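What follows is a set of notes on a single structure, which appears directly below.
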Amino acid sequence: MSVSVHINSIEKKFEKVEALKKLSLNIEEGELFGFIGPDGSGKTTLFRLITSLLIPDGGNIKVGELDSETDFREIRKITGYMPGRFSLYHDLSVEENLNFYASIFNTTLKKNYHLIKDVYEQIEPFKKRKAGALSGGMKQKLALSCALIHKPELLILDEPTTGVDAVSRKEFWELLKKMQKTGITILVSTPYMDEASLCDRVALMQKGSLLALDSPENIVKKYDGDLWQLSSSNMHTIIADLSEVGSGIKNIFRFGEKVHITSNGLNLEEVKSVITEELKSKGHNNIIVEAAKPQIEDCFLDLMEEN
Amino acid sequence: MEENNIIVVEGLYKKFGSFVANDNLNFTVRKGEIFGFLGANGAGKTTAIKILSGLSKPTSGKVIVAGCNVKHEANKLKKNIGYMSQRFSLYDDMTVKENFRFYGGIYGLSAKEIKLKTDHLLRKLDMVENKDVLLKKLPLGWKQKLAFSVAVMHDPAVVFLDEPTGGVDPITRRQFWEMIYEKSLEGTTIFVTTHYMDEAEYCERVSIMAEGKIEALDTPANLKKQFKVETMDDVFVKIARKES
């Protein structure tokens with residue numbers, strides 16, 4: 001069982017700060033949907049509104065047919081929520097935490113063991129350990145188990161991979177993909193741009209607004225600038241050394257081992273000559289300029305600049 | 001070459017009971033180098049950083065940082081290093097200027113030095129107008145840049161950055177790295193941990209830890225060659241998952 005989510009021009013203010021600015025979007029049944037954006041973009045506020053923990057200042061949210069303000073009791077029964085900050089009981093053991101959450105939802109660990117098996121198996125050897133004494137990765141798995149114990153139709157995960165190493169992040173996403181196949185709607189937020197490609201669709205968020213809403217493939221396809229990548233003998237000063245390059249070069253950003261630059265109506269040869277001349281005058285060698293394929297992060301940077 | 005090494009680690013072991021957190025670490029870091037210290041959660045990075053910064057003592061082995069032996073010169077060491085963690089240690093209920101004054105005082109700078117440094121850093125950060133604003137009113141990206149500036153205001157030989165860029169937008173993250181480059185060109189050694197694999201590429205050399213040991217240490221380009229993969233992400237996965 002899964003459920004759709006409809007967000008209609010939702011507004012939320014905290015004192016003078018507009019956390020969400022008339023945001024609208026629809027999430028379909030069974031979708032794995034990603035909210036990608038930095039701290040302060042409104043991801044957590046939106047999740048708290050969907051889970052009925054906050055009341056909007058304007059607009060409304062429907063989870064299936066349920067309204068987040070009036071039907072909050074029903075919404076809470078079908079929603080599993082894993083907040084960004086570990087919120088289970090530190091002084092209860094792994095097993096006690098799970099039994100507690102199961103009993104809140106009138107079920108038992110035994111009855112619903114199959115739902116959490118894939119996740120819980122990995123921490124089961126430590127089931128007598130107090131939750132407060134678990135490592136970060138194990139806490140995350142316990143929190144996910146607790147969020148799944150009542151067979152929710154909608155699973156909401158607030159930055160589950162923040163501060164998690166690259167390998168554990170991969171494993172976590174494999175787990176989410178597997179869970180999605182059981183027919184549950186999953187909303188997940190992350191500050192890591194590379195995780196966008198693992199979602200069916202994503203919302204790129206910035207300061208309470210949507211920068212883009214589409215499948216990761218389409219977001220990349222819609223990138224409408226000329227993008228080039230370059231490298232040289234001296235990558236440590238390259239950004240500073242290009243700070244005065246003019247004539248048609250728009251943005252210059254470091255991207256891993258390369259630098260990505262965007263330009264206005266220049267072809268590869270023209271970009272090459274502008275860049276090579278500038279860098280040679282600053283003592284760089286082995287200057288390589290070539291066409292680049294945009295990634296989600298290029299799109300995000302581009303959209304940020306536009307706004 | 002020897003005196004150029006600002007960090008020298010030889011045969012470092014750290015045990016907690018029967019658990020070996022650091023298992024015979026050996027490496028050196030040059031003056032002014034940007035050194036990436038990577039590894040999976042629980043691989044032993046935090047334990048090693050605590051030892052390098054004088055907060056914890058090694059069980060055995062020799063560790064020299066900024067000319068100080070961490071075992072019995074921890075106090076002298078602390079004057080020569082800076083530290084910034086993901087939960088930066090600035091005070092939310094003090095203003096920008098008060099934070100500078102407080103940390104300058106802790107590092108033993110004179111009132112005059114503190115004033116000069118504060119003016120200089122405020123101008124550089126473009127925060128002169130915000131000097132009397134409480135820290136909690138500032139956006140996360142500004143706080144991070146400020147935390148870095150405070151960590152290096154006493155011109156330490158080494159600065160330890162523990163996941164300094166978590167949570168900020170991609171532009172701010174890049175501006176932060178420009179600050180790091182600038183400081184390294186002035187001769188400060190940068191010792192940094194991160195979970196962003198593109199940031200691993202920004203380091204001159206990178207070490208990757210797994211289960212208490214350093215499993216790889218080289219330039220990003222050489223590591224990719226060594227493991228026959230295209231990205232640092234793949235290098236990391238190969239080491240941390242022990243596939244080879």
Side-chain angles (χ1 to χ4, degrees), chain A residues 16-17 36-41 43 84 134-140 159 161-171 190-194 204-207 211 231 234-241 243 251-260 295-305, chain B residues 32-34 38-43 45 86-87 137 139-141 143-144 163 165-175 177-178 180-182 184-185 193-204 208-210 219-221 224 230-243:
Chain A
K16 279 184 212 155
V17 182
I36 322 276
D39 282 13
S41 57
K43 306 185 302 285
L134 296 174
S135 74
M138 291 201 284
K139 275 184 186 158
Q140 180 203 43
E159 297 206 11
T161 54
T162 293
V164 176
D165 69 68
V167 170
S168 306
R169 277 167 53 196
K170 275 209 173 75
E171 288 170 358
T190 175
Y192 295 102
M193 303 277 154
D194 58 340
L204 303 188
M205 289 180 72
Q206 166 85 354
K207 292 182 184 157
L211 291 176
S231 57
N234 195 350
M235 295 302 283
H236 282 192
T237 57
I238 197 164
I239 300 284
D241 290 344
S243 61
N251 292 321
I252 304 170
F253 291 116
R254 194 64 202 267
F255 255 83
E257 59 177 342
K258 300 274 199 291
V259 166
H260 282 189
Q295 307 161 12
I296 290 280
E297 194 155 346
D298 291 298
C299 303
F300 197 95
L301 286 165
D302 191 52
L303 294 162
M304 267 180 88
E305 292 279 315
Chain B
E33 184 171 11
I34 302 177
L38 311 185
N41 301 113
K45 297 189 306 274
Q86 48 201 352
R87 298 258 142 260
K137 301 273 180 194
L140 178 71
K143 280 193 204 172
Q144 278 182 351
E163 290 179 40
T165 57
V168 297
D169 68 70
I171 291 182
T172 308
R173 205 151 67 80
R174 286 170 172 79
Q175 289 169 344
W177 271 92
E178 284 308 303
I180 292 180
Y181 282 129
E182 201 181 313
S184 104
L185 288 173
T193 74
T194 178
H195 289 311
Y196 288 97
M197 285 303 128
D198 60 332
E199 294 187 346
E201 301 271 8
Y202 304 164
C203 302
E204 282 163 88
I208 304 180
M209 278 187 82
T219 64
K224 283 181 276 181
E230 298 287 314
T231 64
M232 278 306 289
D233 202 39
D234 292 336
V235 173
F236 189 87
V237 169
K238 274 205 163 178
I239 290 170
R241 274 192 182 163
K242 292 257 179 179
E243 298 162 357

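All chains are named by letter (A, B, ...) in the order of the sequence lines, taking the proteins before the strands, and each is independently numbered beginning at 1. Owing to the predicted nature of the structure, the values given are computational and were not obtained by experimental measurement.
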Could you tell me which portion of [X] (side chain, backbone, both or neither) has an atom closer than 4.5 angstrom to a non-hydrogen atom of chain B?
{"X": "A:Glu297", "answer": "side chain"}
{"X": "A:Glu171", "answer": "both"}
{"X": "A:Thr237", "answer": "side chain"}

- request: Kindly determine whether B:Asp198 and B:Arg174 satisfy side chain to side chain contact (heavy atoms under 4.5 Å, CB included), including the steps that lead there.
  value: CA-CA 11 Å; B:Asp198 60 332; B:Arg174 286 170 172 79; 4.3 Å; yes
Residue among A:Val167, A:Thr190, A:Asp194 with most heavy-atom pairs under 4.5 Å to chain B: A:Val167
message: Keeping B:Glu163 on the side-chain end and B:Thr194 on the backbone end, is there a donor-acceptor pair under 3.5 Å?
response: no
task: Ignoring hydrogens and angles, tell me if any N or O in the side chain of B:Gln144 forms a donor-acceptor pair with the backbone of B:Gly166 under 3.5 Å.
output: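 Looks like yes, one N/O pair under 3.5 Å.
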Option in B:Ile171, B:Leu38, B:Val168 with maximal non-hydrogen atom pairs under 4.5 Å from chain A: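 If we count pairs closer than 4.5 Å to chain A, B:Ile171 comes out on top.
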field: For A:Ser168, side-chain hydrogen bond (donor to acceptor under 3.5 Å, both in side chains) partners two or more places apart
entry: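 Testing A:Ser168 for side-chain hydrogen bond (donor to acceptor under 3.5 Å, both in side chains), a comparison that skips the adjacent residues, returns A:Asp165.
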- request: Using the test salt bridge (Lys or Arg N to Asp or Glu O under 4.0 Å), find all partners of B:Asp169 that sit at least two apart in sequence or belong to another chain.
  value: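 Here no residue qualifies.
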field: A:His236-B:Tyr181 aromatic ring centre distance below 6.0 Å
entry: yes
query: Contact part of B:Pro220 toward chain A, heavy-atom cut-off under 4.5 Å: side chain, backbone, both or neither?
result: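 Neither part.
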Structural part of B:Leu185 lying under 4.5 Å from a heavy atom of chain A: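 Interface part for B:Leu185: side chain.
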